[in-house]
Protein chains: 2
Amino acid sequence: MTAPRYRRRKEDRPQEITAAALDAFAEKGYAATRVEEVAKRAGVSKGLLYLYFKTKEELFKAVVKSVVIRRVDALIDTVETTELSSEEFVRGPLLSFMKKVPASPVAVVVRLLLAEGRKHPDLADYYYDNVVSKGLAAMHRVLTRGVERGEFRQCAATEQPHLLVAPVMLSIVWGIVFAGKALDTDALIETQIDMLLANIRA
Amino acid sequence: MTAPRYRRRKEDRPQEITAAALDAFAEKGYAATRVEEVAKRAGVSKGLLYLYFKTKEELFKAVVKSVVIRRVDALIDTVETTELSSEEFVRGPLLSFMKKVPASPVAVVVRLLLAEGRKHPDLADYYYDNVVSKGLAAMHRVLTRGVERGEFRQCAATEQPHLLVAPVMLSIVWGIVFAGKALDTDALIETQIDMLLANIRA
DNA sequence: CTCGTTACTGACTCGTTGGTCAGCAATTAT
DNA sequence: ATAATTGCTGACCAACGAGTCAGTAACGAG
């Protein structure tokens, strides 16, 4: 009676494989990652991987989508349901959310999209529709509501939610390129928010 | 008397090849670009390319260095020699410089470093030492001088030259990933500078 | 005009890797 | 138990692209 050499786990495989792929892509990037390496990390043969994903490219897309799922939706919900004042919300939940992003898998996806996005315009569109667009809309909503409530004054800055994203983006890029060099990303993000609030406060 | 099939132009080849490589990398990224494609664009055989650059990787490094050369130095000179007040300098030469960056080859280099930087830590170091470090120092110098002259007040923002870079970085990344979607990068950068100045003005 | 030097060519090699498939063994049905 | 089903394996192949090299022709010297 020897232990079985493998178990059949049809349900869990795809998830496990995309998770393994995310790790591998994070380390080596898409092009430099061998499909066999992904299979190995997932504890699976290369053949099986190809049963679940027709090509390496399809695996790539599945990875991106797996990260995107419902990450922004949580933020949007919080925006709509919060009892906090606009400034309290920005300084509290929003700031804390923003601080988490640079160390999250989102950074990996950004890197992948930067490197390979040109070859997969549909993926860029998908990411735009499901993350960027929604995220910016949520931030814009926060600022607009502040204006409506008389907490903020309407000005160029309240129409540019991108300005909230900018320091987060810089932190992500910095972390990817200069993994070694330190950068106080939290301070960066905080200072930007301080500046913005000081500027738009009514 | 037929026209010669090629001309000997030892002096110009390296430059022409790196220029062709920059174009190709900009379009397809490093990994997806075939060495033969670069040679073709440079109007040269693959064999000749390998006479000037030992490997594809060395070509890559030569490309990065060719873009970096003296791009930041001009800015630094201007900082040191200008007669303008600090605010005038920020609103004038610095703003105009920042607006140009997202459409310049710097964007290509950023993309390459993001995608391949992990495999070439020495390149990332080189880029840090010759561009990032110098650029940030120059911006910091502008802010500090403003403080010294009593034009600005010392605060967190004057110690964070990164905040000036952030919107430029966002514009670069946006342009790479969402080539189609419009983004008013000029407005973004301007608003950030307005905000910063309003905040640190003495 | 020759002849020697060398910038240059392009067909070739060979390692790498995305993708396949015939068969095997874990499960389920009978 | 035995058979039928199918999740799974791993050896295999074909394509592709980085890097090589023997030969060719442009150019300069004498």
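Letters A, B, ... mirror the listed sequences (proteins, then strands); counts begin at 1. These numbers come from the heavy atoms of this one structure, side chains and all, not from hydrogens, waters or symmetry mates.
- To the nearest angstrom, P of D:dC16 lies 15 Å from CD of B:E37.
- Using cut-offs of 30° and 60° for the angle between ring planes, the A:F60 and A:Y30 rings count as tilted.
- Atom CG in A:L49 sits about 16 Å away from atom P in D:dG7, given to the nearest Å.
- Rounded to an integer number of Å, the gap from B:F53 CZ to D:dT20 C1' is 18 Å.
- Looking at the side chain of B:S45, the nearest of the listed nucleotides D:dG17, D:dG19, C:dC8 is C:dC8.
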(request) Kindly indicate, with the supporting measurements, whether the criterion side-chain hydrogen bond (donor to acceptor under 3.5 Å, both in side chains) is fulfilled by B:H140 and B:Q160. (result) CA-CA 7 Å; B:H140 190 228; B:Q160 294 273 18; over 6 Å; no
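- Each of B:E36 and B:R5 was matched to the nucleotide of DNA chain D holding its nearest heavy atom; the match closer to the 5' end belongs to B:E36.
- If you check D:dT9, D:dA18, C:dT9 against the side chain of A:L48, the one that comes closest is D:dT9.
- B:L84 is listed as a side-chain neighbour of B:P93, based on a closest heavy-atom distance under 4.5 Å.
- Checked against C:dG18, D:dA26, C:dA7, the side chain of A:K56 finds its nearest nucleotide in C:dG18.
- Put simply, the side chain of A:R34 does not reach to within 4.5 Å of the side chain of A:K28, judged on heavy atoms.
- For C:dG19, the base has a donor-acceptor partner in the side chain of A:K46 [N/O atoms by modelled type, under 3.5 angstrom].
- Separating the CZ atom in A:R7 from the CZ atom in A:R13 is a distance of 10.0 Å, to the nearest 0.5 Å.
- Distance, A:R34 CZ to D:dG10 P: 21 Å, rounded to whole Å.
- Applying the 4.0 Å criterion to OP1 and OP2 of C:dC8, one finds that B:Y50 has every side-chain N and O outside that range.
- Of the side-chain N and O atoms in A:R8, none sit less than 4.0 angstrom from OP1 or OP2 of D:dT6.
- Within the structure, every side-chain polar atom (N or O) of B:R7 is placed at least 4.0 Å from both OP1 and OP2 of D:dA26.
- Atom pair A:E11:CD and C:dT27:P shows a separation of 14 Å (rounding to whole Å applied).
- For the pair B:K10 NZ and C:dA7 P, the interatomic distance rounds to 4 Å; values are reported in whole Å.
- A:Y6 contributes a side-chain N or O that forms a donor-acceptor pair with the base of D:dG7 under 3.5 Å.
- One can place CZ of A:R13 at 17 Å from P of D:dT6, the figure rounded to the nearest angstrom.
- Listed pair B:R9 / D:dC27 fails the phosphate criterion, with no side-chain N or O lying under 4.0 Å from OP1 or OP2.
- Backbone-only contact: B:Y52 has heavy atoms under 4.0 Å from sugar-phosphate atoms and none from a base.
- Following rounding to the nearest Å, B:L59 (CG) and D:dG19 (P) show an atom-to-atom distance of 10 Å.
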